[in-house]
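Proteins come first, then strands; the chains are lettered A, B, ... in the order of their sequence lines, and each starts at number 1. Predicted, not measured: the structure shown is a model, and the values here were computed from it.
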2 protein chains.
Amino acid sequence: MAFRRNGAALAAERPSAPALPLDTILIGDCIAELEKLPPASVDLVFADPPYNLQLQGDLRRPDQSLVDAVDDAWDQFESFAAYDAFTRAWLLQVRRVLKPTGTLWVIGSYHNIFRVGSALQDLGYWILNDVVWRKTNPMPNFRGRRFTNAHETLIWAARGADAKGYTFNYEALKAGNEDLQPRSDWLIPICSGGERLKGDDGRKAHPTQKPEALLARVLLAASKPGDVVLDPFFGSGTTGAVAKRLGRRFVGVERDRDYAAAAQARIDAVAPDSAAAIAQAPAKREAPRVAFATVVERGLIQAGSRLTDARRRHEAVVRADGTLALGSVVGSIHRIGAVAQGAEACNGWTFWHMETAAGLAPIDALREIVRAGDAA
Amino acid sequence: MAFRRNGAALAAERPSAPALPLDTILIGDCIAELEKLPPASVDLVFADPPYNLQLQGDLRRPDQSLVDAVDDAWDQFESFAAYDAFTRAWLLQVRRVLKPTGTLWVIGSYHNIFRVGSALQDLGYWILNDVVWRKTNPMPNFRGRRFTNAHETLIWAARGADAKGYTFNYEALKAGNEDLQPRSDWLIPICSGGERLKGDDGRKAHPTQKPEALLARVLLAASKPGDVVLDPFFGSGTTGAVAKRLGRRFVGVERDRDYAAAAQARIDAVAPDSAAAIAQAPAKREAPRVAFATVVERGLIQAGSRLTDARRRHEAVVRADGTLALGSVVGSIHRIGAVAQGAEACNGWTFWHMETAAGLAPIDALREIVRAGDAA
DNA sequence: ATAGCCTCTGAATCTGCTT
DNA sequence: TAAGCAGATTCAGAGGCTA
C-alpha cells in the first residue's frame, strides 16, 4: 500500500508504533510481547505474575489427602536475583506502555510481593495504596505451625510521584460501600464452584484463577468504560472476562496456548452488562464474628478475672490469651464451659458470667461492645 | 576487679560476650547498641523501624549524613539505597542476636515494608507469615484520591529456612479464637484514648505509638513466659509495657532520651498479670510421650485385644510387646493404622478404637490415663 | 422434594525427636 | 548428617448421594 511507505504520516502503522491490538490475547513471552506495544497507550494494567513459591515436599491434609500444589515450571526461578531481574524487565515495559495517567495493579503473596514492591519503587513508580484481599475461605494451615494465610496483597501504583489525573472513582465506590470511604482491605471469596474454569478432565484449568469479584473491584475503582486494560500474565483470562462485562477493552499476554484458548472461550461466552448496570457492586457486609481473645485484648475484661455460670456452680479464670482455665484444663470459653458441665458442647458466651455492680451478667455483653465499636 | 582480668572464667563478663541487660532501655543508636549484645540470646524481636524517607525528616545514611528531601528519580533511588543500607544493618544485627529458634516481627506500611521484606529475604531470613493489622478506626483519606489506608503490614520471620522449633502457641490462639485457627488478618483498633501516652503539654508523646493489643497478640502468639523480647526501636515502650504485663522480659533500644524516659515511666506503672492468667497453656505436642508398649505393660489393655477404627472397617490385634498385628503385618499402632488405610501416615492413638461399655473409644484415652498417673 | 451426611478442594515456602 | 518414625494437624463452600 502506497501510504505504508509514507510511514511518517501514519505513525500508528509504523513498526515502531503499531496499533494496540484490542480485545486480543497475544500469545508469547510477556516481555517480548510488551515490547511490541505502542508507548503510553494503556489506561490500566493488572498483573498477576508468578509468585515464586518455594515449596519443599508434599503437603497433606489431616485426612492424609494430598494438596494439589502450584508446582508449575512457570513459577520456578533460580534465585531471588533471577526473579528480581524478571520483575524489573516486565515492570519497565509496563511503565513504557502506560499512559501518563495510567496506573498499575500487581497482586502477590509474601513470597514475591516484597520483591515486586521494591522493584516498583526503584523504577520510579509511585505507590498509591497497598490493598489487602482478605479471603473468606482460604486454605487452612494444616500443620498448625503458622497463621492461616488468609490474604494476598495488591499494590496500586502510578507511573511516578508526579503522575496526576489517574482514575479513581471515589464517589461511586463510596456510594457502593454504604457511604463509607472505600478501605484498603477487601473481603472477597476465592474463586471456586461454577466460576472456576475446568478442563475436559473436569480438573481446574488454571492453578491460580482469580475471582471475578476481585477484578471487578479493581476495574470499577481505577478505570472508566472504554479504557484499555492490559494483563501481561493473562492466565485463565479473568481480567478479560471482567473487562468485557464492564465495558472496558482488554489486551492480554499469555505464553501458554492452552491457557490462552481456555481464556478466549471464556471471554467469548461473556455477555457485557448494560451501560446502566455498569455501576457499583455493593460491598459485602462483613460477618461480625468476635473472638473472646479480642475481648481480653481490648481490655473489656482483665486477664486473671474469674468467671462463673449463672448459678455460680463453676469458676474459671480468664487468661491473657483469651482462653479460660478450669483447674489445670485450658481451652476456649466454649470448650471449658462444656467441660464444666460435662457436656458435649456449650455456648461460652451465654454460659459464662462476670460479676458486675448489677449482679451477674453474661460475657455476651462484652461481645456486643466489641461489635458496636467495630461497626462505628 | 581481679576476676575481670581473669575473663576466661566468666565468659558472661567478657566484652565479647556481655550479659544481656534485661528489662532495660538502652539509650543510643540502634545498630551500635545491638552490636554490644551477646549473640543468640534473644527469643523474639519486635521492630517498628522508621517508616520512610518521604515522611521522616531524620533518615540518615549509615555514615550519619542526612538524606536530603527527594524530588527526582535519582535522588529517590539514592534515598532508597540509604534506607536499604540502614535496614540491612539493623536486620543483620538482629539476626546475630536472635537465638536459632527465635523469630522476628517487623511492622511497616507500603512506604517501607517492601524494602524491609526484600532485605529480610536477601539476608537469609525465612518469612513465616505476613500479617495484616486491620484498623477499626483508621485515619480517613481526606482528599478522596486513594483508598483509606486502613491497615499496616507485619512480617513474621525465622532466622532461616531451616530454623525449626520456633514458638507458635497455636492451640491457645485457636482456643481464644472461637476454636478456629488464627488467621493472617487481625482486626485491632489504633492506639487512642487513655492508652495514648501524652506529654506535659497534653499532646501525644510519640507519633506512632502502637496499640498494646497488637503487641499482646504478637507476644502471646510467638513467645513464652520468661522469654526475652528485644525491641530495637523502642519509642513509647509499648513492647516493654506489654512484655512486663505478660510475664516476658524485654530489652529496648531507643535513641531519643525523652521517648526513653516516657517509656520507662510507663513501664514502671504496669502491673503484671497474675501467674494463672499468663501461664503457658499446655500444648499437645509438648505433652510427654507415651509408648503404646507402656499402655500394654501397665495392663490398661490386654494383649490379644482387638482394636478397630471408628467405622469398624479394620481390625487389628494387640500384641504383648505393644505392637499391632493386622493379618500378618506387624508394626506400631501408627504404621499399622497407615497400612490399614493405605495411607502414608496415621496417628494410631486417634485412629484405633477399643470396645467399651459406652461404645467405641479411641485408645488415646489409655494414654491419658498413663499421663495422669505419671504426673501424680 | 429436602434435609443431612459425605466428599472434595483451594497460590502452602506447613514437624521434631532419636538414632 | 541423614534417615526413620512417632504423632499432630483443617475451614468454607460446593456438589453429590441417600434416607
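Taken together, the paired segments of DNA chain C that extend over three or more consecutive Watson-Crick or G-U pairs, each closer than 3.5 Å at both contacts, are C:2-10 with D:11-19, C:15-19 with D:2-6.
Taking only side-chain nitrogens and oxygens, His334(B) never comes nearer than 4.0 Å to OP1 or OP2 of dA6(D). For dA8(D), the OP1/OP2 oxygens have a side-chain nitrogen or oxygen of Arg367(B) closer than 4.0 Å. Residue Asn137(A) places no side-chain N or O under 4.0 Å from the OP1 or OP2 atom of dT10(D). Taking only side-chain nitrogens and oxygens, Asn347(B) comes nearer than 4.0 Å to OP1 or OP2 of dA8(D). Distances shown here put a side-chain N or O of Lys284(B) below 4.0 Å from the OP1 or OP2 atom of dT9(D). Dashed line: the shortest gap from a side-chain N or O of Arg285(B) to OP1 or OP2 of dA8(D) is not under 4.0 Å. The phosphate of dA6(D) (OP1 or OP2) has a side-chain N or O of Ser332(B) nearer than 4.0 angstrom. Using a 4.0 Å cut-off, some side-chain N or O of Arg145(A) falls inside it from OP1 or OP2 of dG16(C).
Distance from the side chain of Ser65(A) is smallest for dT9(C) among the nucleotides dT9(C), dA11(C), dT7(C). Here the nucleotide nearest the side chain of Gln56(A), chosen from dG16(C), dG10(C), dC14(C), is dC14(C).
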Review item, nucleotides 17-19 of chain C N/O atoms under 3.5 Å of protein N/O:
none

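In this structure, Trp186(B) has its ring center no closer than 6.0 Å to that of Trp133(B).
dT13(C) has no base stacking with the ring of Tyr110(A) when judged by centroids under 5.5 angstrom apart and an interplanar angle below 30°.
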